Amino acid sequence: MSKRKIYHVTQNPDGTWKGKAQGGQRASVVANTKAETVSKTTGMAKNQGNSQVIIHKMDGKFQEERTYGNDPYPPGG
């Protein structure tokens, strides 16, 4: 099974929002609103297949997780 690609949606210091692949150097998506950034980032994640989007609040804390592709839930064991 291929490794899951993980994207994080976070707010920039200037108030814009970014969607960035975990471990990536630059943001894949930058937009003025959180909703637009989430929409574009989840679209990319769906195209990747086995991926996950982790959405953060304005303060950087975890808000929501969306998984696409082969979701191992419920986990075995």
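Please read these numbers as outputs of a predicted model, since none were measured by experiment.
For Ala27 against Lys18, the heavy-atom pair with the smallest separation is CB-CB, 3.8 Å. Residues Ser28 and Ala21 come closest through the heavy atom pair OG-N, 4.3 Å. For the pair His56 and Thr10, the tightest heavy-atom approach, listed with the atom from each and the gap, is CD2-CG2, 3.4 Å.
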Val53 and Met44: CA distance, side-chain angles, deciding distance, side chain to side chain contact (heavy atoms under 4.5 Å, CB included) verdict | CA-CA 10 Å; Val53 178; Met44 283 186 349; over 6 Å; no
Checking side chain to side chain contact (heavy atoms under 4.5 Å, CB included) for the pair Glu65/Gln52: CA distance, chi angles, key distance, verdict?
-> CA-CA 7 Å; Glu65 174 186 323; Gln52 181 177 36; 2.5 Å; yes
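Here the side chain of Asp59 pairs a donor or acceptor atom with the backbone of Lys61 at under 3.5 angstrom. Of the possible polar contacts, one joining the Thr42 side chain to the Val38 backbone as a donor-acceptor pair under 3.5 Å is found.
Side-chain contact between Asn47 and Tyr68 is absent, with no heavy atoms from C-beta onward closer than 4.5 Å. Two residues are said to be in side-chain contact when any heavy atoms from C-beta on lie closer than 4.5 Å; Trp17 and Met58 meet this criterion. With a 4.5 Å cut-off on side-chain heavy atoms, Gln63 and Val9 do not count as touching.
Side-chain contact annotation: Gln22 with His8, donor-acceptor N/O pair under 3.5 Å present.
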